[in-house]
Protein chains: 2
Amino acid sequence: MVRRRAGITPELLVRAAAELADEGGLDKVTVSALARRFGVKDASLYSHIRNLRDLRVRLALLASAEMNDVIGAAVAGRSGKDALVAFAGAYRDYALAHPGRYAATQQRIEPSEVAADGSVLVRAVELTYGMLRGYGLTEPDLTDAARLLRATFHGYIHLELSGGFHHTRPVAASWARSLDALHSTLETWGNIR
Amino acid sequence: MVRRRAGITPELLVRAAAELADEGGLDKVTVSALARRFGVKDASLYSHIRNLRDLRVRLALLASAEMNDVIGAAVAGRSGKDALVAFAGAYRDYALAHPGRYAATQQRIEPSEVAADGSVLVRAVELTYGMLRGYGLTEPDLTDAARLLRATFHGYIHLELSGGFHHTRPVAASWARSLDALHSTLETWGNIR
DNA sequence: CCAAAAAGCTAATGCCTCTAGGATCTCGGC
DNA sequence: GCCGAGATCCTAGAGGCATTAGCTTTTTGG
């Protein structure tokens with residue numbers, strides 16, 4: 001009997017996992033579902049990934065890299081409010097288009113789990129700091145402002161994705177208004193309080 | 001053989017679930033774990049709760065009610081920045097003290113799942129709006145500002161709980177600074193852009 | 001062409017959800 | 001006090017998922 005192999009690689013698995021995540025949520029990313037997808041037994045996947053956790057970490061890194069790319073492209077050549085709006089827009093668009101991947105980026109990941117690929121996470125921070133330096137901020141304001149931005153962006157997307165905004169007013173309108181507010185805050189950061 | 005009953009009620013289950021959640025995270029809230037806790041077989045719990053989902057929704061309502069209480073008490077008699085700081089402090093303190101319960105409040109819950117107890121969710125909105133009216137905001141600014149606040153608070157807590165803040169600067173310091181910024185934003189909300 | 005590495009498979013264990021149907025306890029009413 | 005109804009708990013069992021161990025088959029480099 002000539003049974004060809006499935007030609008599975010960790011990369012293929014992660015890509016399939018990303019699709020599963022975006023289709024049905026991060027908790028649909030399961031070793032069984034993945035095995036099913038490749039027409040293979042569950043146990044067979046353990047030659048390619050260490051375990052489910054490993055798979056999800058890889059997925060998180062994939063998604064983070066993708067986000068870095070779209071955000072990086074969006075901010076390129078812009079500064080000030082232009083950059084802020086571009087950054088925020090790219091962030092939100094990615095998250096809404098790829099909710100499962102986005103959710104994956106929100107998992108707690110220990111440095112020991114990423115081995116050498118921590119660069120992805122570093123770059124995300126650099127993008128934010130780069131944008132903030134356009135507002136003339138320095139430490140510790142840089143850290144404070146970066147935290148505020150990340151929190152606001154993430155909080156918004158999370159609430160939007162989890163159906164937390166019931167009001168009839170379009171979320172996009174509130175989002176734009178919040179960006180105005182954030183911009184204004186960043187401009188006057190040094191004078192507040 | 002005289003076997004006394006365990007005296008289980010849905011309320012007891014939910015309270016135990018809350019403890020499980022705070023101890024090991026929301027995904028440790030499991031029918032099996034709960035049954036174990038009460039010295040009873042898994043299947044027995046299905047006389048008290050419809051299913052796991054039902055349990056988690058009840059947990060979310062419990063936690064939401066608790067948060068409303070502490071926040072309500074914190075804001076009582078205050079206005080302006082006092083109220084904002086009190087609100088935010090109560091919110092963050094509760095979430096950090098009860099991470100599992102807090103996580104439960106972040107689940108997507110359909111109106112059909114809460115039957116008549118939707119009042120809890122309404123009150124949360126009222127608390128926020130009440131505080132914002134102290135800043136003289138009216139619709140649609142009220143909605144926009146409420147969304148920004150919820151997003152920021154939630155985003156901050158989520159990132160803090162998930163270990164997203166790696167920098168050495170104390171999170172509490174950045175948090176305080178962000179509240180200053182938010183206050184300033186709310187004060188000038190009408191003038192921005 | 002062959003041996004070792006790689007990629008799958010079967011078998012098993014353990015944990016979890018949930019349903020069906022049976023036994024037992026409790027309690028209100030006679 | 002007794003009894004039936006309903007509430008509460010149990011046993012059995014199906015099915016899903018993660019993970020390990022050990023075996024077989026396919027590939028591939030020398």
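These numbers were taken from a predicted model, which means no experiment stands behind them. Each chain gets a letter, A, B and so on, in the order the sequences are listed, and its residues count up from 1.
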Passes side-chain hydrogen bond (donor to acceptor under 3.5 Å, both in side chains), B/Arg169 versus A/Thr143? Steps please. CA-CA 8 Å; B/Arg169 180 162 165 81; A/Thr143 296; 5.8 Å; no
Whole angstroms only, please: what is the NZ-P distance between B/Lys41 and D/dT11? 5 Å
Examine A/Trp175 together with A/Phe165 and report whether their ring centres are nearer than 6.0 Å. no
Enter the inter-axis angle for the ends of the helix from C/dC1-D/dG30 to C/dC30-D/dG1 (five pairs per end, rounded to 10°). 0°
The contact string for nucleotides 13-19 of chain D, one letter per nucleotide 5' to 3', using protein heavy atoms under 4.0 Å with B, S and - for base, sugar-phosphate only and none, comes out as ----SSB
Distance-minimising heavy-atom pair for B/Ala145 and B/Leu186: CB-CD2, 3.9 Å
D/dC10 OP1/OP2 closer than 4.0 Å to side-chain N/O of B/Ser44: yes
Return the value, rounded to whole Å, for the distance between atom CD1 of B/Ile49 and atom C1' of D/dC9. 14 Å
Check whether any side-chain nitrogen or oxygen of A/His48 sits under 4.0 Å from OP1 or OP2 of C/dA6, and answer yes or no. no
Can you tell me the distance, in whole Å, between the CZ atom of B/Phe38 and the C1' atom of D/dC10? 18 Å
Are a donor atom and an acceptor atom from the side chains of B/His158 and A/His158 found within less than 3.5 Å of each other? no
Is a donor from one side chain sitting under 3.5 angstrom from an acceptor on the other, for A/His154 and B/Tyr156? no
Checking side-chain polar atoms at under 3.5 Å, does B/Tyr135 have a donor or acceptor matched by the opposite partner on B/Glu187? no
Correct closest heavy-atom pair for A/Arg101 and A/Glu66 would be NE-OE1, 3.1 Å
Please state how far atom CG in B/Leu34 lies from atom P in D/dC9, giving the value in whole angstrom units. 12 Å
Donor on one side chain, acceptor on other, A/Ser64 and A/Thr105, under 3.5 Å: no
Check A/Leu20 against A/Ala33 and note the closest heavy-atom contact, atom names and distance. CD1-CB, 4.0 Å
Rounded distance in Å - CG (B/Leu45) to C1' (C/dC15): 16 Å
Atom CG of A/Asp54 and atom C1' of D/dT20 are separated, to the nearest Å, by 16 Å
